Novice: 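Okay, handing you the structure first.
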Amino acid sequence: MRLITWNINSVRARLDIVAQLVRDYQPDVLCLQETKVQDHMFPTGFFEELGLPHLAIHGQKSHHGVATASKTPIDDHFKIDWCEKGDARHIAVKVDGMPMIHNFYVPAGGDEPDPVINDKFAHKLKFLDEMTSWSADLDGDHILVGDLNIAPYEDDVWDHKKLLKVVSHTPVEVEAMLKLIEAHGWQDIMRDFVPKDQKLYSWWSYRARDWSAADKGRRLDHVWTSPSLKGKAVHMEVIRDARGWVKPSDHAPVLVDFNF
DNA sequence: ATGACGTTTTTCAAACGA
């Protein structure tokens with residue numbers, strides 16, 4: 001089973017490269033974040049033509065939004081309203097023969113890493129706290145993917161020391177994420193395939209003059225599994241090339257093959 | 001670290017992203 005997660009930064013603005021990804025990599029399940037489209041305007045016909053006709057979408061106008069597309073039928077799906085804000089940051093799907101797949105878009109957190117003066121950062125920490133409580137009570141087999149907006153390890157960013165006060169890599173966020181991982185025993189699949197002392201990124205800013213040459217990346221996107229699924233992932237790659245496609249997202253897709 | 005870039009909207013400027 002091939003799973004790809006990708007923060008697409010507007011699905012409607014990027015239909016061409018979604019098609020390119022699906023054609024070139026043939027995912028069984030594709031999890032998108034930041035779709036930036038209300039459900040009634042989602043390009044469902046486009047996904048049918050791509051061979052991913054089964055959709056579970058949770059969108060809103062302008063911001064956020066997640067969508068999971070599958071080759072085979074989605075038997076069940078549900079959304080969780082984290083922090084009771086009514087925003088679109090999660091959808092879970094159950095596809096036959098696979099574990100439950102949770103697709104997340106965790107709040108970015110704004111600029112200032114201080115919950116007292118920055119409501120967005122406070123929201124991010126509360127969101128992580130709710131995910132931690134939820135994870136602690138979670139039974140069964142689950143896959144959790146998405147843009148979690150935190151690069152936890154030193155080699156998940158291009159310069160650990162320079163990013164210590166930059167939201168996405170601050171100690172308070174990293175501690176919250178490690179606590180979240182511990183709560184369920186989440187397996188960090190990307191790091192099972194690339195050792196923690198090697199650089200691994202999934203996002204590069206649009207603002208760099210030459211993103212690839214500068215290579216000032218961060219690993220903001222993740223694929224985790226329940227501990228019961230240890231050993232089921234057989235391949236992982238960050239599709240870095242996609243960051244250089246025409247009119248790219250600032251995130252690269254992350255691909256994992258599972259042997260269920 | 002900075003500045004610079006891209007998407008969206010009761011648009012042509014501002015909010016948001018990370």
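Computed from a prediction, not measured in an experiment: that's the story for all the values here.
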Novice: Nearest to the K216(A) side chain among dT2(B), dG17(B), dT7(B), which nucleotide is it?
Specialist: dT2(B)
Novice: Given dT7(B), is OP1 or OP2 found less than 4.0 Å from the side-chain N or O atoms of R14(A)?
Specialist: yes
Novice: Check whether N7(A) reaches the backbone of H251(A) with its side chain - one donor and one acceptor, N or O, closer than 3.5 Å.
Specialist: no
Novice: Could you give the distance separating dA4(B) and dT9(B) at their C1' atoms, to the nearest angstrom?
Specialist: 22 Å
Novice: Measure CD/E34(A) against P/dA18(B) and give the value in whole Å, please.
Specialist: 4 Å
Novice: Are any protein N/O atoms closer than 3.5 Å to N/O atoms in nucleotides 9-12 of chain B? If there are, list each pair with its distance.
Specialist:
unit_1  : atom_1 : unit_2 : atom_2 : d
dT10(B) : OP2    : K61(A) : NZ     : 3.2

Novice: What is the distance, to the nearest angstrom, from the CD atom on E112(A) to the C1' atom on dG17(B)?
Specialist: 16 Å
Novice: How would you label the contact of D159(A) with the nucleic acid (heavy atoms, under 4.0 Å): base, sugar-phosphate, or nothing?
Specialist: nothing
Novice: Would you mind reading off the distance between D250(A) atom CG and dA18(B) atom P, rounded to a whole angstrom?
Specialist: 7 Å
Novice: Under 4.0 Å between a side-chain N/O of Y105(A) and OP1 or OP2 of dC16(B), yes or no?
Specialist: no
Novice: Could you work out, with side chain to side chain donor-acceptor pair (under 3.5 Å) as the rule, every residue matching T35(A), not counting sequence neighbours?
Specialist: none
Novice: Under 4.0 Å, counting only non-hydrogen atoms across every strand here, what does F121(A) touch: a base, just sugar-phosphate, or nothing?
Specialist: nothing
Novice: Considering only atom C1', compute the distance from dG3(B) to dT8(B) and round it to an integer number of Å.
Specialist: 22 Å
Novice: Give the rounded distance in Å between these two atoms: CG of L148(A) and C1' of dA18(B).
Specialist: 14 Å
Novice: Here's a test of your reading of the structure: between K165(A) and V11(A), which maps to the more 5' nucleotide of DNA chain B?
Specialist: K165(A)
Novice: Using a 3.5 Å distance criterion without hydrogens, assess whether the side chain of Q198(A) forms a donor-acceptor pair with backbone atoms of D155(A).
Specialist: no
Novice: Are the side chain of N103(A) and the backbone N or O of A67(A) linked by a donor-acceptor pair below 3.5 Å?
Specialist: yes
Novice: Using the P atom as the reference point in each nucleotide, state the distance between dT11(B) and dG6(B) in Å, no decimals.
Specialist: 24 Å
Novice: Figure out the CG/P separation between L164(A) and dA18(B), and round it to whole Å.
Specialist: 20 Å
Novice: Determine, for W158(A) and R218(A), whether the Lys NZ or Arg CZ falls below 6.0 Å from the six-membered ring centre while staying within 45 degrees of the axis.
Specialist: no
Novice: In this structure, how many angstroms lie between the C1' atom of dT2(B) and the CZ atom of R209(A), rounded?
Specialist: 11 Å
Novice: I'd like to know if the side chain of D156(A) and the backbone of R219(A) have a donor-acceptor N/O pair within less than 3.5 Å.
Specialist: no
Novice: Round to the nearest Å and state the distance from H251(A) atom NE2 to dC5(B) atom C1'.
Specialist: 14 Å
Novice: Is S10(A) near enough to dT8(B) that one of its side-chain N or O atoms lies under 4.0 angstrom from OP1 or OP2?
Specialist: yes
Novice: Looking at dA18(B), dT7(B), dG17(B), which one has an atom nearest to any side-chain atom of A13(A)?
Specialist: dT7(B)
Novice: Toward the 5' end of DNA chain B, which comes first, G109(A) or P248(A), by nearest nucleotide?
Specialist: P248(A)
Novice: Short question: side chain of S135(A), backbone of M131(A) - any donor-acceptor pair under 3.5 Å?
Specialist: yes
Novice: With P as the reference atom in both, quote the distance from dC16(B) to dT10(B) in angstrom, rounded to an integer.
Specialist: 14 Å
Novice: Parallel, tilted or perpendicular: which describes the rings of W245(A) and W6(A), with under 30° parallel and over 60° perpendicular?
Specialist: perpendicular
Novice: Can you confirm whether V66(A) sits close enough to F104(A) that some side-chain heavy atom of one is under 4.5 Å from a side-chain heavy atom of the other?
Specialist: no
Novice: When the P atoms of dA14(B) and dT2(B) are compared, how many Å lie between them, rounded to an integer?
Specialist: 23 Å
Novice: When you check the phosphate oxygens OP1 and OP2 of dG6(B), does a side-chain N or O of N9(A) lie under 4.0 Å from one of them?
Specialist: no
Novice: Rounded to whole Å, please give me the gap between CZ in R89(A) and P in dA18(B).
Specialist: 9 Å
Novice: Reckon N7(A) has a side-chain N or O less than 4.0 Å from the OP1 or OP2 of dA18(B)?
Specialist: yes
Novice: Counting only side-chain heavy atoms from C-beta out, which of dC5(B), dT7(B), dC16(B) sits nearest to R207(A)?
Specialist: dC5(B)
